[in-house]
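Comments concern the structure below.
The figures that follow rest on heavy atoms only: side chains count, while hydrogens, waters and symmetry mates do not.
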Amino acid sequence: MSEETPAPDEASRPGETPAPDATPPRRPRRQRGAAESLGQVVLGAEALIMFLAGLVIYGLKALPFGIAPWWGIVVGIVLAVLMLVASGLTRHRWGIVVGWALQVLVALCAFLVPAMLIVALIFGGMYGYATIKGASLDRRNARIMRESANGD
């Protein structure tokens with residue numbers, strides 16, 4: 001009584017050809033250097049820390065007398081957004097310079113909230129290592145690629 005009917009698919013329909021794959025071929029991804037990749041990671045993590053630092057500054061009312069505590073949140077959000085934008089710009093040489101300028105800005109925040117000096121030292125050191133060592137790795141990789149291209 002109960003007959004099993006096969007599931008309809010392209011192979012079971014006589015006279016029909018399977019539909020061609022509708023996805024266009026993907027273009028190859030752009031090669032990213034080590035300085036770009038490492039700088040993006042550091043700035044992305046620092047953006048999160050800046051947002052959280054703004055919340056902490058607001059919650060502890062750590063700003064000097066005369067400055068409303070909500071400015072801590074505003075500055076934290078602005079710095080976080082700027083760092084996310086700068087992380088996307090690290091593909092350019094000037095984007096790395098923008099990242100350095102943001103590191104200086106975080107260090108200047110220590111004049112209002114001294115605890116920000118710790119954040120500035122830690123992330124400034126990480127960003128320095130990421131950009132300097134990353135550029136060194138990029139130069140080495142470019143040299144290796146040139147040598148392998150000349151050797152073939």
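A donor-acceptor contact shorter than 3.5 Å links the side chain of Gln40 to the backbone of Ser87.
Counting only heavy atoms from C-beta outward, the side chains of Glu36 and Gln31 never approach each other to under 4.5 Å. Counting heavy atoms from C-beta outward, Val81 and Met50 have side chains that stay 4.5 Å or more apart.
Nearest heavy-atom pair, Thr131 versus Ala35, reported as atom, atom and distance to 0.1 Å: O-CB, 4.0 Å. When all heavy atoms of Ala130 and Gly39 are compared, the closest pair comes out as CB-N, 4.1 Å. Here the shortest heavy-atom pairing between Val113 and Ala62 reads CG2-O, 4.1 Å. Minimum heavy-atom separation, Tyr127 to Ile96: OH-O, 3.0 Å. Shortest non-hydrogen contact noted between Leu79 and Cys109 is CD1-SG, 4.1 Å.
Atom OH of Tyr58 sits in a sparse spot, with 12 or fewer heavy atoms from other residues, nucleotides or ligands closer than 6.0 Å. Ile118 CD1: 12 or fewer foreign heavy atoms inside a 6.0 Å radius. Summarising the local packing, CZ of Phe123 is surrounded by more than 12 heavy atoms from other residues, nucleotides or ligands at distances under 6.0 Å.
Note that NZ of Lys61 is 14.5 Å distant from CD1 of Ile67, once rounded to the nearest 0.5 Å.
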